[in-house]
Amino acid sequence: MYKVYCDGLLLYHSNLELLKIFNPSVDLELNKTGSFEFTIYPNHPYYNSIKKLKSIITVFQDDFILFRGRVLDDEVGWHNEKMVVCEGELAFLLDSIQRPVSFTGTVAEFMAHIINNHNSQVGAEKQFTLGSVTVEGNLTADLTDYTNSFETLQKQLLEGFGGYLWTRQEDDINYLDYLAEINLLAPQSIQFGKNLLDLKRINKGADIATAVIPLGKDGLTIASVNNGLDYIVDEDAQAQYGLIVK
């Protein structure tokens with residue numbers, strides 16, 4: 001049995017007629033953010049509760065969390081049906097920036113460094129706790145660019161050491177593991193219906209930022225004149241979408 005929640009609200013249950021979504025599709029792939037897509041109609045009681053970039057969508061297969069992530073885009077058709085596109089929680093790592101630094105240490109220490117920096121920039125629902133790290137080794141990394149956390153992990157760890165980034169939830173804690181081996185098959189696609197396309201109004205969320213880091217010559221930042229912060233926040237945008245640093 002499948003259930004879908006939006007910010008804790010039961011969005012879909014196969015036995016409840018009022019809580020229906022249509023054409024749901026989950027696509028999962030290792031070391032990718034993954035996606036979940038579905039269509040919802042205006043007569044659904046939680047039609048207006050789905051907030052782009054802010055709502056957390058969770059898909060359960062029985063008691064197992066099959067997918068957890070945030071709403072990325074929505075497309076509204078002629079009948080105000082809304083096709084919602086979600087990206088998996090690894091995409092939360094796109095919302096934080098790693099500053100230039102020279103690092104020397106173990107793989108596990110580097111993971112902790114990246115996660116700590118990420119958590120300091122995002123809300124609690126997008127934070128991670130360092131989980132199991134079974135990839136062993138040491139690295140020296142000179143981070144010279146302002147790159148997001150996901151790209152940093154890909155370049156510094158996945159490209160050099162291999163392995164798999166894996167998210168899991170236990171006792172309401174969101175763990176980020178870095179595993180040398182994994183027992184699940186990927187890519188895997190679970191389809192519940194066929195997508196029907198119509199005239200749509202598309203609202204893209206991928207390029208939205210609510211905080212920016214201005215950079216000057218030779219990496220000059222605004223921290224010295226901005227109370228130690230090297231970024232500027234648009235408070236209205238943050239209230240709508242959450243903190244997303246670019």
Side-chain angles (χ1 to χ4, degrees), residues 5-9 11 32-38 40 46-58 67-76 82-101 113-129 143-155 165 167 169 172-174 176 200-217 219-246:
Y5 289 85
C6 172
D7 297 328
L9 300 172
L11 203 66
K32 304 292 183 181
T33 60
S35 66
F36 173 52
E37 301 180 5
F38 64 93
I40 187 169
Y46 301 129
Y47 176 86
N48 292 317
S49 298
I50 302 171
K51 306 300 182 183
K52 183 165 53 181
L53 294 179
K54 202 165 186 180
S55 287
I56 302 299
I57 304 295
T58 310
F67 174 91
R68 181 178 181 270
R70 49 105 176 265
V71 176
L72 177 63
D73 296 316
D74 58 68
E75 304 174 356
V76 180
K82 188 184 299 181
M83 182 175 176
V84 181
V85 178
C86 308
E87 58 184 355
E89 58 189 336
L90 279 180
F92 298 163
L93 295 167
L94 297 172
D95 290 354
S96 60
I97 295 294
Q98 298 293 323
R99 275 67 170 178
V101 69
H113 171 78
I114 297 299
I115 290 175
N116 288 338
N117 284 343
H118 167 76
N119 288 346
S120 70
Q121 300 174 61
V122 300
E125 72 281 358
K126 294 192 287 187
Q127 294 179 0
F128 294 102
T129 296
L143 306 183
T144 57
D145 298 323
Y146 285 70
T147 57
N148 65 60
S149 299
F150 188 53
E151 292 176 355
T152 303
L153 290 174
Q154 286 181 312
K155 182 176 181 180
L165 294 174
T167 62
Q169 292 75 38
D172 295 324
I173 299 175
N174 301 316
L176 179 60
K200 300 177 181 67
R201 182 169 69 251
I202 301 175
N203 301 304
K204 293 291 185 180
D207 296 326
I208 290 177
T210 63
V212 295
I213 303 173
L215 290 177
K217 185 178 180 181
L220 179 66
T221 75
I222 63 170
S224 62
V225 294
N226 193 40
N227 296 320
L229 300 178
D230 62 355
Y231 61 90
I232 301 173
V233 177
D234 183 323
E235 294 183 356
D236 291 338
Q238 181 184 2
Q240 183 173 359
Y241 298 117
L243 188 62
I244 300 172
V245 184
K246 301 292 185 183

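All values below come from the heavy atoms of this structure, side chains included, with hydrogens, waters and symmetry mates left out.
- Annotation: the span from Ile222 atom CD1 to Asp230 atom CG amounts to 7.0 Å, rounded to 0.5 Å.
- Of all non-hydrogen atoms in Asp74 and Lys82, the two that sit nearest each other are CB-CG, 3.8 Å.
- Ser149 contributes atom OG, which lies 11.5 Å from atom CD of Gln154 (distance to the nearest 0.5 angstrom).
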* To do: Quick one: do Thr147 and Ile97 satisfy side-chain contact (heavy atoms from CB on, under 4.5 Å)? Show the steps, please.
  => CA-CA 6 Å; Thr147 57; Ile97 295 294; over 6 Å; no

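- Side chains of Thr152 and Gln98: a donor-acceptor N/O pair is absent below 3.5 angstrom, by distance only.
- Annotation for Arg70 and Ala91: closest pair NH2-O, 3.3 Å, computed over non-hydrogen atoms.
- Here the shortest heavy-atom pairing between Arg99 and Tyr146 reads CG-CE2, 3.7 Å.
- The OG1 atom of Thr33 sits 10.5 Å away from the CG atom of Leu93 when rounded to the nearest 0.5 Å.
- No side-chain heavy atom of Leu176 sits less than 4.5 Å from a side-chain heavy atom of Thr129.
- Around CZ of Phe150, the count of heavy atoms belonging to other residues, nucleotides or ligands within 6.0 Å exceeds 12.
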* Run the numbers on Asp95 and Leu243 for side-chain contact (heavy atoms from CB on, under 4.5 Å), then give the verdict. => CA-CA 7 Å; Asp95 290 354; Leu243 188 62; over 6 Å; no

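- Contact annotation: the side chain of Glu87 never approaches that of Val85 to less than 4.5 Å [non-hydrogen atoms, C-beta and beyond].
- A salt bridge does not link Lys155 with Asp145: every distance from a Lys NZ or Arg NE/NH1/NH2 to an Asp or Glu carboxylate oxygen is 4.0 Å or more.
- The two residues Phe38 and Cys86 come nearest to each other via the heavy atoms CE2-SG, 4.1 Å.
- Taking CD from Gln121 and CD1 from Ile213, the interatomic distance works out to 6.5 Å, rounded to the nearest 0.5 Å.
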* To do: Step by step, work out the side-chain contact (heavy atoms from CB on, under 4.5 Å) result for Phe92 and Val122.
  => CA-CA 8 Å; Phe92 298 163; Val122 300; over 6 Å; no

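- Looking only at side-chain heavy atoms (C-beta outward), Val84 and Ile57 stay at 4.5 Å or farther from each other.
- The heavy-atom pair separating Asn174 from Arg68 by the smallest distance is ND2-NH2, 3.4 Å.
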* **Candidate pair Asn117 and Val101, rule side-chain contact (heavy atoms from CB on, under 4.5 Å), full reasoning** => CA-CA 12 Å; Asn117 284 343; Val101 69; over 6 Å; no

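- Here the OG1-NZ distance, from Thr210 to Lys54, works out to 10.0 Å after rounding to the nearest 0.5 Å.
- Ser49 contributes atom OG, which lies 8.5 Å from atom CD1 of Ile40 (distance to the nearest 0.5 angstrom).
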